[in-house]
Amino acid sequence: MTDAWTIGTRQTPDALRIVPAGELDLVTAPSLAQALREAEGGDGAIVLDLGELSFMDSSGLAVVLAAVRRSDANGRRLTVRAGDGRARRLLELAGAMGHVPLLAEE
């Protein structure tokens, strides 16, 4: 049985927090990409919290890296919370940790 895919959002005083949960893969990556593009149209910082993912493949990694590139280009601050699970492991294996602005773990 696979985890249900959801994307939660929560506005905090400092940022819009986007929290995908479940499996981030070829099927679900487009919905996260869309949610990030929509969030980029607003004001303030964005935190992408990957801590609730049970799985992330290269499709998800591509979405994260594309959002980071757009953030660098448009000046909208994006920070990623990698968590301590599979998303962090993929970022480490791909050598992307130095290219992704990471949120200090809470």
Side-chain angles (χ1 to χ4, degrees):
M1 183 170 161
T2 60
D3 295 338
W5 170 251
T6 62
I7 301 175
T9 58
R10 182 175 42 126
Q11 185 67 53
T12 68
D14 300 327
L16 174 64
R17 192 173 200 102
I18 299 174
V19 186
E23 296 185 355
L24 178 54
D25 57 21
L26 185 62
V27 173
T28 58
S31 62
L32 179 59
Q34 181 64 31
L36 286 164
R37 282 192 299 274
E38 289 173 6
E40 290 162 5
D43 295 324
I46 300 169
V47 173
L48 176 58
D49 185 342
L50 304 177
E52 298 297 317
L53 293 177
S54 60
F55 175 80
M56 183 168 120
D57 69 6
S58 60
S59 303
L61 178 62
V63 168
V64 172
L65 294 177
V68 168
R69 282 191 302 274
R70 287 192 309 273
S71 171
D72 290 344
N74 68 22
R76 180 89 191 264
R77 194 176 94 215
L78 171 73
T79 308
V80 176
R81 179 180 173 270
D84 58 4
R86 295 178 185 244
R88 174 177 286 279
R89 181 80 175 128
L90 180 59
L91 290 168
E92 290 170 348
L93 288 172
M97 293 295 278
H99 303 284
V100 174
L102 296 173
L103 181 69
E105 292 301 318
E106 301 163 347

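We number each residue from 1, following the sequence as shown.
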Separation of [Y] [atom2] from [X] [atom1] (nearest 0.5 Å):
X      : Y     : atom1 : atom2 : result
Ile18  : Leu36 : CD1   : CG    : 4.5 Å
Leu16  : Asp43 : CG    : CG    : 11.0 Å
Leu102 : Leu48 : CG    : CG    : 11.0 Å
Leu65  : Ser58 : CG    : OG    : 10.5 Å
Met56  : Leu24 : CE    : CG    : 6.0 Å

Please check: side-chain N/O of [X] versus main-chain N/O of [Y], any donor-acceptor pairing under 3.5 Å?
X     : Y     : value
Arg88 : Gly83 : yes
Thr12 : Arg17 : no
Ser54 : Gly22 : yes
Ser71 : Leu78 : yes

Closest non-hydrogen atom pair, [X] against [Y]:
X     : Y     : result
Ser31 : Trp5  : OG-NE1, 2.9 Å
Ala29 : Gly60 : CB-N, 4.3 Å
Ala82 : Ala87 : O-CB, 4.0 Å

Cluster check [X], [Y]: I/L/V/M/F/W/Y, side chain < 4.5 angstrom:
X     : Y     : answer
Leu26 : Leu53 : no
Val19 : Leu91 : no
Leu61 : Phe55 : no

Give a yes or no on whether [X] atom [atom1] has more than 12 heavy-atom contacts from other residues, nucleotides or ligands under 6.0 Å away.
X     : atom1 : value
Arg76 : CZ    : yes
Arg89 : CZ    : no
Arg37 : CZ    : yes

Could you go through Met97 and Glu92, starting from their C-alpha distance and side-chain angles, then the distance that decides it, and tell me whether this counts as side-chain contact (heavy atoms from CB on, under 4.5 Å)? CA-CA 6 Å; Met97 293 295 278; Glu92 290 170 348; 3.8 Å; yes
Between Glu40 and Ile46, is there a side-chain heavy-atom distance shorter than 4.5 Å?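 Ile46 reaches Glu40 side chain to side chain.
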